[in-house]
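Presented below is the structure to which this report refers.
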Amino acid sequence: MNQIVYVCAMVYDKIVARELAEYLLEIKAVKLSPKQPFTWTSGLKSPIYCDNRKTLSYPEIRNFIKKNFSTVVRKFFANAGYIAGVATAGIPHGALLADELHLPFVYVRDKAKAHGLENRIEGEITSHAKVVVVEDLISTAGSSIKAIEALREAEAEVIGLVAIFTYGFKNATEALTQVNCPFFVLCDYKNLIEVALQKEYVTADQEQMLMSWYENPEAWYLKYFYA
């Protein structure tokens, strides 16, 4: 287990990462705007906005994601008995993966419903079930960890996490390591920016700004817009 945690901070395959980066940029699931940054819910100013829900509208891309997710699960989490999607964006990709692997599927809400059965986990799951969690995007890893904790409270054994994309923030990797959850992603920020530069979605100067954000996202806006 510890060995997997060590290697999982990187994408599982660079060729896959670059191919997916091209897809995400082509369909504008990822938008890069270093000169006119986006504002995240947290208030953070960011030159990137990622909406992986768009991949669902493109059969070739969603199948690419499904097949590579299934490769990761078969290779690293072969004893998985369940797939769990993180609400909401992880639900469709998790369901597609579960179908590909012929495994049961559940999904995990951010919090329990305020009515009805007040479920946090939707679907049937057995105690001690070995579960792989599916996310669309890892930023701080907060939603992933909430899902992992909910599943563990239900006496399931979370053996790993897979995600489409990660910004690669150190604190997210550390947080997932602390909860002892190996994780693998199909694409990350560094590979995406390399492809964006190569395919001329951004200039060399913009690439420098984009990597500066990655290195210190909190100070980035002050550096470039209040210098």
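Residue indices begin at 1 and follow the sequence shown.
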**Message:** My understanding is that a hydrophobic cluster links ILVMFWY residues whose side chain heavy atoms are under 4.5 Å apart, including indirect links. Using that, what else belongs to the cluster containing Ile15?
**Reply:**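 Taking Ile, Leu, Val, Met, Phe, Trp and Tyr as members, Ile15 stands alone, with no cluster partners.
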
Main chain of [Y], side chain of [X]: is a donor-acceptor contact present, judged purely on distance under 3.5 Å?
X	Y	value
Arg120	Asp110	yes
Asn52	Asp136	yes
Tyr107	Ala95	no
Thr177	Thr173	yes
Asn63	Pro59	yes
Gln36	Ser33	no

**Request:** Could you go through the side chain to side chain contact (heavy atoms under 4.5 Å, CB included) check for His93 and Ile164 one step at a time?
**Result:** CA-CA 9 Å; His93 290 289; Ile164 298 172; 3.5 Å; yes

**Item:** 4.5 Å side-chain heavy-atom contact, Lys67 and Thr71
**Value:**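 The answer is no, as the side chains (C-beta and beyond) never meet within the 4.5 Å cut-off.
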
Let me confirm one number: the [atom1]-[atom2] distance from [X] to [Y], rounded to the nearest 0.5 Å.
X	Y	atom1	atom2	answer
Gln206	Ile193	CD	CD1	10.0 Å
Glu100	Phe69	CD	CZ	12.5 Å
Phe183	Phe77	CZ	CZ	10.0 Å
Asn191	Leu20	CG	CG	10.0 Å

**Item:** Joint hydrophobic cluster, Leu96 plus Phe184, side-chain heavy atoms closer than 4.5 Å
**Value:**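 No; tracing contacts between hydrophobic side chains, which count when under 4.5 Å, never links both residues.
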
**Same apolar cluster (I L V M F W Y, side chains within < 4.5 Å links), Val72/Ile61** =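 Looking at the clustering, Ile61 is in the same group as Val72.
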
**Message:** side chain to side chain contact (heavy atoms under 4.5 Å, CB included) for Phe76 and Val162? Distances and angles first, verdict last.
**Reply:** CA-CA 10 Å; Phe76 297 104; Val162 294; over 6 Å; no

For the residue pair [X] and [Y], what are the closest heavy atoms and their distance?
X	Y	answer
Gly81	Leu103	O-CD2, 3.8 Å
Ile83	Leu97	CD1-CD2, 4.0 Å
Pro217	Leu44	O-CD1, 3.5 Å
Leu137	Cys50	CD1-SG, 4.2 Å
Ala17	Cys187	O-SG, 3.3 Å
Ser139	Phe169	O-CD1, 3.6 Å

Contacts of type side-chain hydrogen bond (donor to acceptor under 3.5 Å, both in side chains), residue [X], not counting sequence neighbours:
X	value
Thr39	Lys45
Lys130	Glu157
Ser143	Glu135
Arg53	Thr88

**Message:** For Tyr167 together with Phe165, are the ring centres under 6.0 Å from each other?
**Reply:**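 That pair passes the under 6.0 Å test.
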
**Item:** Check: Trp220 ring centroid to Phe225 ring centroid under 6.0 Å
**Value:**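 Between Phe225 and Trp220, which both carry aromatic rings, the centre distance is below 6.0 Å.
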
**Asked** Checking side chain to side chain contact (heavy atoms under 4.5 Å, CB included) for the pair Arg74/Leu101: CA distance, chi angles, key distance, verdict?
**Response** CA-CA 9 Å; Arg74 289 185 175 113; Leu101 297 174; 3.6 Å; yes

**Request:** Determine the interplanar angle of the Trp213 and Tyr189 rings, folded into 0 to 90°, and report it as parallel if under 30°, tilted if 30 to 60°, perpendicular if over 60°.
**Result:**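 Tilted.
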
**Item:** NZ/Lys54: more than 12 non-hydrogen atoms of other groups inside 6.0 Å
**Value:**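 More than 12 heavy atoms, drawn from other residues, nucleotides or ligands, come within 6.0 Å of this atom.
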
**Request:** For atom CD of Glu174, decide whether the heavy atoms of other residues, nucleotides or ligands shown that lie under 6.0 angstrom number more than 12.
**Result:**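 More than 12 heavy atoms, drawn from other residues, nucleotides or ligands, come within 6.0 Å of this atom.
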
**Message:** Closer than 4.0 angstrom, basic N to acidic O: yes or no for Glu194 and Lys14?
**Reply:**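 Salt bridge present between Glu194 and Lys14.
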
**Selection residues 41-64 - residue pairs positive for ring-ring contact (aromatic ring centres under 6.0 Å, His included), sequence neighbours left out** =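 Pairs touching residues 41-64 that pass the test: Tyr23-Phe64, Phe38-Tyr49.
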
